[in-house]
2 protein chains.
Amino acid sequence: MTEENMGCSCNLIHEEIVDMVKKEMPAEEILYDLAELFKVFGDTTRVKILYALFAAEMCVCDIASLLGMTQSAISHQLRVLKQARLVKNRRDGKVMYYSLDDEHIKHIFDQGLLHINEK
Amino acid sequence: MTEENMGCSCNLIHEEIVDMVKKEMPAEEILYDLAELFKVFGDTTRVKILYALFAAEMCVCDIASLLGMTQSAISHQLRVLKQARLVKNRRDGKVMYYSLDDEHIKHIFDQGLLHINEK
DNA sequence: TGAACATATGAACAATCATTCATATATGAC
DNA sequence: GTCATATATGAATGATTGTTCATATGTTCA
């Protein structure tokens with residue numbers, strides 16, 4: 001498939017730049033997964049849940065209580081976080097404990113905060 | 001406002017943990033901005049644009065050509081990226097050049113890739 | 001001035017998403 | 001077994017969002 005140049009015909013970019021971009025750009029599937037991961041971080045409730053779990057393992061109702069939200073809303077979001085492999089859970093009797101399942105999250109958040117606090 | 005414990009009454013969390021979370025959790029406004037930033041990263045088109053700009057400054061039609069998308073779609077997304085202060089632009093005659101406006105992006109993407117490639 | 005070109009933008013539409021509500025599942029106590 | 005509790009989940013709803021289409025803005029050149 002040739003790259004169509006829709007709407008303009010300037011094509012200012014150098015051939016070597018095009019090659020560089022295509023070499024550095026991850027595969028379509030990776031890009032999709034990457035965007036999907038950031039989409040998970042793109043919701044205040046989920047960010048709050050993750051910040052809570054930075055401090056300690058918690059059960060669903062603890063998180064709900066801490067954030068002042070319903071058990072259902074938290075449970076739905078924990079499912080999203082679990083599917084993204086960002087949290088894991090273990091059952092202890094009736095209680096389901098959730099905890100972090102990734103060491104990169106804090107780092108990613110810190111970098112995000114750096115951007116926000118810039119300028 | 002008291003934190004209501006909706007739907008359950010287990011309250012397993014220790015008082016000291018609650019204090020720790022509240023101490024570590026950024027202010028509501030910061031959390032909102034953080035989620036908003038990641039929301040910007042949460043779209044394949046925008047991720048591709050940023051990867052393209054990692055290589056070099058480019059004009060709108062170059063990016064459109066490179067990604068095989070319409071000028072309008074790219075222009076709309078560049079506006080989102082600009083509002084998030086992730087890209088900047090300069091005009092040269094008829095042509096508008098876009099480039100990165102933040103050094104954290106690459107780092108954040110790399111951390112995201114680390115998570116994806118895990119396990 | 002007017003034509004050609006590069007980009008921006010508003011409205012519309014389909015798709016996605018977060019929360020709520022009602023209810024189902026799972027465990028422990030009795 | 002029944003009851004109470006902790007969590008999960010499906011459907012519904014309102015809100016947000018990415019792209020398209022048509023058109024407007026801004027620049028260069030003749």
Side-chain angles (χ1 to χ4, degrees), chain A residues 4-13 31-32 35-50 53 57-84 87-99, chain B residues 4-13 31-32 35-50 53 57-84 87-99:
Chain A
E4 315 160 54
N5 202 320
M6 307 161 188
C8 90
S9 54
C10 69
N11 248 98
L12 295 162
I13 201 172
L31 290 171
Y32 178 83
E36 214 62 21
L37 173 66
F38 290 128
K39 215 175 280 180
V40 174
F41 292 144
D43 175 78
T44 319
T45 300
R46 288 192 291 263
V47 171
K48 284 179 188 171
I49 292 174
L50 292 170
L53 296 182
E57 175 187 70
M58 284 184 203
C59 73
V60 179
C61 78
D62 279 340
I63 300 172
S65 160
L66 201 59
L67 305 187
M69 296 182 66
T70 66
Q71 172 269 320
S72 181
I74 298 300
S75 186
H76 276 296
Q77 297 305 343
L78 281 169
R79 191 152 83 93
V80 175
L81 292 169
K82 180 119 188 283
Q83 280 172 344
V87 305
K88 57 179 185 257
N89 55 4
R90 70 176 177 89
R91 183 179 277 282
D92 182 10
K94 279 179 293 188
V95 182
M96 191 73 87
Y97 286 98
Y98 281 85
S99 58
Chain B
E4 314 163 54
N5 202 321
M6 307 161 187
C8 87
S9 53
C10 68
N11 247 102
L12 295 162
I13 201 171
L31 290 171
Y32 178 84
E36 214 61 23
L37 173 65
F38 289 127
K39 214 174 281 180
V40 174
F41 292 143
D43 175 77
T44 319
T45 300
R46 288 191 292 265
V47 170
K48 285 179 186 171
I49 293 175
L50 291 170
L53 296 181
E57 176 186 70
M58 285 184 203
C59 73
V60 180
C61 78
D62 279 341
I63 300 173
S65 161
L66 201 59
L67 304 188
M69 297 182 64
T70 66
Q71 172 270 320
S72 180
I74 298 300
S75 187
H76 276 295
Q77 297 305 346
L78 282 169
R79 191 153 82 94
V80 175
L81 291 169
K82 180 121 188 284
Q83 280 171 345
V87 304
K88 57 180 185 254
N89 55 4
R90 71 178 177 87
R91 183 180 277 283
D92 182 10
K94 280 179 292 189
V95 181
M96 190 73 89
Y97 286 98
Y98 281 84
S99 58

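A note on names: the letters A, B, ... follow the listed sequences, proteins ahead of strands, and every chain is numbered from 1. Values below: all heavy atoms of this structure, side chains included; hydrogens, waters and symmetry mates excluded.
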**OP:** Kindly give the heavy-atom pair with the smallest separation between B/Ile49 and B/Gln77, and that separation in Å.
**Re:** CD1-CB, 3.9 Å
**OP:** Round to a whole Å and report the spacing from CD of A/Gln71 to P of C/dT20.
**Re:** 12 Å
Subject >> B/Ala35 backbone acceptor or donor facing A/Arg46 side chain under 3.5 Å >> reply: no
Original post:
What is the distance, rounded to the nearest whole Å, between atom CZ of A/Phe41 and atom C1' of C/dA18?
Top reply: 18 Å
Original post:
Say you draw a straight line from OH of B/Tyr98 to CD1 of B/Ile74; how long is it, rounded to the nearest 0.5 Å?
Top reply: 11.0 Å
Subject >> Shortest non-hydrogen contact between B/Leu78 and B/Val87, atoms and distance >> reply: O-CG2, 4.0 Å
Subject >> Working for side-chain contact (heavy atoms from CB on, under 4.5 Å), residues B/Asn89 and B/Val60 >> reply: CA-CA 10 Å; B/Asn89 55 4; B/Val60 180; over 6 Å; no
Original post:
When rounded to the nearest 0.5 angstrom, what is the spacing between OH in A/Tyr97 and CG in A/Leu53?
Top reply: 13.0 Å
Original post:
Among C/dC17, C/dA8, C/dT20, which nucleotide sits nearest the side chain of B/Val60?
Top reply: C/dA8
Subject >> Residues in contact with DNA chain D, drawn from residues 72-82 of chain B - heavy-atom cutoff 4.0 Å >> reply: B/Ser72, B/Ala73, B/His76, B/Gln77
Subject >> For atom CZ of B/Arg46 and atom C1' of D/dG18, their distance in whole Å >> reply: 8 Å
Subject >> Integer-rounded Å distance: D/dG18 C1' and B/Lys39 NZ >> reply: 14 Å
**OP:** Would you mind reading off the distance between B/Glu36 atom CD and D/dA15 atom P, rounded to a whole angstrom?
**Re:** 17 Å
Subject >> Spacing between B/Asp43 atom CG and C/dT16 atom P, to the nearest angstrom >> reply: 13 Å
Subject >> Gap between atom CG of A/Asp43 and atom CG of B/Leu31 - 0.5 Å precision >> reply: 11.0 Å
Original post:
In terms of the nearest nucleotide of DNA chain C, which residue is placed more toward the 5' end: A/Gly42 or B/Tyr98?
Top reply: B/Tyr98
Subject >> Phosphate contact (C/dT19 OP1 or OP2) by A/Thr45 side-chain N/O below 4.0 Å >> reply: yes
Original post:
Where is the tightest heavy-atom contact between A/Phe41 and A/Val47, given as atom of each residue plus distance?
Top reply: O-CG2, 3.2 Å
Subject >> Minimum-distance pair of heavy atoms, taken over all atoms of A/Gly42 and B/Lys39 >> reply: O-CE, 2.9 Å
Original post:
Rounding to a whole Å, what distance do you find between B/Asn89:CG and C/dT9:C1'?
Top reply: 15 Å
Subject >> Net bend of the helix from C/dT1-D/dA30 to C/dC30-D/dG1, end axes of five pairs each, nearest 10 degrees >> reply: 20°
Subject >> Closest contact, heavy atoms only, A/Cys59 versus A/Val95 >> reply: CB-CG1, 3.2 Å
**OP:** Report yes if the side chains of B/Arg90 and B/Glu57 come closer than 4.5 Å at any heavy-atom pair, otherwise no.
**Re:** yes
Can you pull every protein N or O that's under 3.5 Å from an N or O on nucleotides 24-30 of chain C?
none

Original post:
D/dC21 P sits how many Å from B/Met69 CE, rounded?
Top reply: 12 Å
